[in-house]
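Quick caveat, the model's predicted, so the values are computed rather than measured.
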Amino acid sequence: MVQVNVQALMEITIETARAFAKNKKQGTIVNISSAAGFFSYPTFSVYAATKAFVNSFSKAMDSELKLRGIRILTVCPGQID
């Protein structure tokens with residue numbers, strides 16, 4: 001779960017941002033998180049922690065890149081059927 005929700009998301013986000021910057025393009029990267037990233041969930045601790053990473057990483061990257069016209073948005077859906 002950490003490899004998919006943390007490592008892969010981080011690598012894809014960074015490489016996409018690099019491609020935008022290299023080609024002098026503006027754009028938006030959308031990362032998928034979860035409402036679980038804002039809470040502690042017993043028995044779902046690793047999942048919640050990985051989603052907290054997505055939220056924090058995306059927010060920091062957005063701050064770093066917004067002056068270049070590259071935005072990072074995070075979607076945080078709640079529980080669904």
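Side-chain contact between F53 and M10 is present, with heavy atoms from C-beta onward closer than 4.5 Å.
Atoms CG and CG, on N31 and D62 in that order, are 10.5 Å from each other to the nearest 0.5 Å. We find the CE-OG distance between M61 and S56 to be 12.0 Å, quoted to the nearest 0.5 Å. Distance check: I14 CD1 to F57 CZ gives 4.5 Å after rounding to the nearest 0.5 Å. The line from CG of N5 to CD1 of I32 is 11.0 Å long, rounded to the nearest 0.5 Å.
Of all the heavy atoms in A17 and I29, the pair that sits closest is N-CD1, 3.8 Å. Nearest heavy atoms, Q26 versus G69: CB-O, 3.2 Å. In plain terms, the two heavy atoms of S33 and C76 that are nearest each other are CB-SG, 3.9 Å.
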Give every donor-acceptor pair under 3.5 Å between a side-chain atom in residues 38-49 and any protein atom, sequence neighbours left out.
none

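Under the 4.5 Å side-chain heavy-atom criterion for Ile, Leu, Val, Met, Phe, Trp and Tyr, V4 and V6 are members of distinct hydrophobic clusters.
Under a 3.5 Å cut-off, the side chain of N23 and the backbone N or O of A19 do form a donor-acceptor pair. When atom types are taken as modelled, the side chain of T13 and the backbone of L9 share a donor-acceptor pair closer than 3.5 angstrom. Side chain of K66 to backbone of I72: no donor-acceptor contact under 3.5 angstrom is found.
Side-chain contact check for T74 and N55: no donor-acceptor pair (N or O, by modelled atom type) lies under 3.5 Å.
Every salt bridge (charged side-chain N to carboxylate O under 4.0 Å, His left out) that R18 has, sequence neighbours left out, goes to E15.
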